[in-house]
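These notes concern the structure reproduced below.
Residue numbers run from 1 in the order of the sequence given.
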Amino acid sequence: MIKILLLIVVGFTVWAVIRAYQRSLNKPPSSARETIAEDMVKCAHCGVNLPRSEAIYSGGDFFCTPEHKQLGKK
């Protein structure tokens with residue numbers, strides 16, 4: 001009886017390992033799943049929020065366009 005139970009446990013373990021391996025093959029690489037959150041900043045002229053990488057920084061303030069940079073802070 002113990003041998004049968006041991007065989008069932010071993011079989012279940014092998015099945016679980018194979019299933020986990022198959023699931024890992026279907027997942028995209030971890031670098032593709034991760035998205036880098038970027039800081040958002042507000043335009044000092046119009047108040048629009050935009051990513052820091054797209055903003056224009058001038059005089060301690062962020063602006064969304066060169067025109068708003070020329071117009072300055074409201």
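Residue Phe63 is not grouped with residue Tyr57 when hydrophobic side chains (ILVMFWY) are merged at heavy-atom distances under 4.5 angstrom, including chains of intermediate members.
Taking each heavy atom of Thr65 and Ile56 in turn, the nearest pair found is C-CD1, 3.5 Å. Of all non-hydrogen atoms in Cys43 and Leu50, the two that sit nearest each other are N-CD2, 4.3 Å.
In this structure, NZ on Lys73 lies 15.0 Å from NE2 on His68, to the nearest 0.5 angstrom. Distance check: Ile18 CD1 to Arg23 CZ gives 13.5 Å after rounding to the nearest 0.5 Å. The line from CE of Met40 to OG of Ser53 is 9.5 Å long, rounded to the nearest 0.5 Å. Taking CD of Glu67 as the reference point, atom NE2 of His45 lies at 10.0 Å (rounded to 0.5 Å). Of the inter-residue distances, the one linking Lys69 atom NZ with Asp61 atom CG reads 11.5 Å to the nearest 0.5 angstrom. Note that CZ of Arg52 and CZ of Phe62 are 4.0 Å apart. Values are rounded to the nearest 0.5 Å.
A donor-acceptor pair is defined here as one N or O able to donate and one able to accept, closer than 3.5 Å; no such pair exists between the side chain of Glu54 and the backbone of Cys64.
Atom CG of Leu5 has more than 12 neighbouring heavy atoms from other residues, nucleotides or ligands inside a 6.0 Å radius.
Annotation: side chain of Pro51 is not in contact with side chain of Asp39 (no heavy-atom distance under 4.5 Å).
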